[in-house]
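So the structure is just underneath, and the comments pick up after that.
Labels below follow one simple rule: chain letters A, B, ... track the order of the sequence lines, proteins then strands, and each chain is numbered from 1.
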Protein chains: 2
Amino acid sequence: MTESISNGRLTTPEAGMLARPALAVQVADALRELILEGTIQGGEKIREKELTERFGVSRTPLREAMKILAAEGLVELIPNRGAIISQPSAAELADAFPVLAALEAMAGEQAAERATEVEMAEISRLTDRLRASLEANDRPGYFEINQAIHNAILAASRNETLIRTHATIARLVHRARYQANLTRSRWEQALSEHEKIAAALNARDTDQVGRLLKAHMMAKLTAILKAGQVSPR
Amino acid sequence: MTESISNGRLTTPEAGMLARPALAVQVADALRELILEGTIQGGEKIREKELTERFGVSRTPLREAMKILAAEGLVELIPNRGAIISQPSAAELADAFPVLAALEAMAGEQAAERATEVEMAEISRLTDRLRASLEANDRPGYFEINQAIHNAILAASRNETLIRTHATIARLVHRARYQANLTRSRWEQALSEHEKIAAALNARDTDQVGRLLKAHMMAKLTAILKAGQVSPR
DNA sequence: AAATTGAATTATGAATTCATTATTCATGTC
DNA sequence: GACATGAATAATGAATTCATAATTCAATTT
């Protein structure tokens, strides 16, 4: 079945210019999405033929797309033996989370200094909704809002390199981060952390925001490793 | 003239397995090198034909290599219009350096806790050589040793994600970082910073190493922007 | 039966070909 | 002469073809 690709967003066009992104980029976007949402599981082997048929493209752009995803670390290419979807081990998560924590802490610090009142209000509003999702016991809603808050803080940092770098690493740990079981007590603790972060942001307490975000991320890592649904090595 | 590619290092082989990297990866490595060493200048337009002839490969692996470099941010791909070598503006450097500073600070903190005595000694030794290069007025030597120190600290952090992430951003600002004019006073100041960093590392003063490295990187950014040989926007 | 060999099959790697889009440059117009 | 138009050229995008390596599986051996 060919679910041929709709015209997504632009690739690298001149500002305000219309230009369809290269097929390879569209395929990379689509495949990245499938990986992040878990339709294609970590550790799974990829057969080119299957994907060319799914996307309705030839092998050339597909293979280019694989190179892109490999550069991002989402897939592993093994010469003459195809590709497998990356599946970060506990050790790799233990590496990646502190980096993510450092980046988010930096984003929080920048946001505390640069965020507009509108951005501040939006983050506060999202934090309120985060509490509501806990009270409604709505886990999917919680994950979504949580992600929106982290992204809002990143955006408020106004640092494109920071945003891009964070996004790349965040994708690598995405499943572990958003599909881990969340115990009730961890859930409540995480919310409390978020409320403190929002408060510190509103107070524009730069250092405090940084500290809290770093601690929040490291607590998340601890919770994930404790749940222990990732491969140790 | 074809300077066909020698068998570089492996791509993603099983541990201890022999497997030549894909041609695309070899081309990406070679081209990355050309960009970093400045043989191909930032802003320059790339013609596929020229590179296929230079490397002695067909367009297919070359285009795959371009996708890899584009994912790394070293080149910009514009649909139907080829590729240009990225040239970070002052604004982009102002974004990238603080991220690099945060990453190196984190690396320094980890190194302060994890580095072996051998690694410590090596960093001290390199720092001594750094002073020697200043006293010999050997700028190329200084840049090289400086880079080796930063890499040694990264390596001592023992965090693969951190190392990879740092490398990606470091490449983007490589030319600005290592080809900027260095005034004598900045040179002396930088050396002094390095000696303090080495001392704090030896004392395993985690927080101090982090602070010093961050300050060192930000001072570097200031020096680069002051030299003003990058495009403002 | 388990292990090993090797042919057949299948998958990936890379070059080539075909298609489409930009760019260049000559021609004509104002 | 400056500008606009359009054909010729050259570049990139993608499919196809050819080459090579890996996998499968039947036949054989131990």
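Taking atom CD on B:Q26 and atom C1' on C:dA14, their separation rounds to 12 Å, with Å as the unit. Computed from coordinates, the A:E53 CD to D:dA15 P distance equals 14 Å when rounded to whole Å. The distance between atom CZ of A:R63 and atom C1' of D:dT20, rounded to the nearest whole Å, is 12 Å. With rounding to whole Å, A:E64 atom CD is found 13 Å from C:dG13 atom P. Distance CD1 (B:I68) to P (C:dG13): 12 Å, rounded to an integer number of Å. The CD1 atom of A:I46 sits 14 Å away from the C1' atom of C:dA11 (whole-angstrom rounding). In this structure, A:E48 atom CD and D:dT17 atom P are separated by 17 Å, rounded to whole Å. For A:F55 and D:dG13, the CZ to P distance is 20 Å, given to the nearest whole Å.
In terms of polar N and O atoms assigned as donor or acceptor, the side chain of B:T60 comes within less than 3.5 Å of the base of C:dA15 in a complementary pairing.
Note on B:E122 versus B:R125: salt bridge recorded, some NZ/NE/NH1/NH2 to OD/OE distance being below 4.0 Å. By the 4.0 Å N-to-carboxylate-O rule, B:E104 lies close enough to B:R177 to be salt-bridged with it. Ion pairing of A:E119 with A:R114 is absent here, as no side-chain N (NZ or NE/NH1/NH2) approaches a carboxylate O to less than 4.0 Å.
Distance from the side chain of A:L23 is smallest for D:dA15 among the nucleotides C:dA15, C:dA22, D:dA15. Considering only side-chain atoms of A:A22, the nucleotide from C:dA15, D:dA14, C:dA11 that sits closest is D:dA14.
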(request) Check the pair A:E53, A:K49 against salt bridge (charged side-chain N to carboxylate O under 4.0 Å, His left out), reporting the backbone distance first and the verdict last. (result) CA-CA 6 Å; A:E53 284 165 4; A:K49 188 151 168 286; 3.5 Å; yes
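Between B:R59 and C:dA15 there is no side-chain polar atom (N or O) within less than 4.0 angstrom of OP1 or OP2.
With DNA chain D read from its 5' end, the first of the two nearest nucleotides for A:N80 and A:A24 is the one closest to A:A24.
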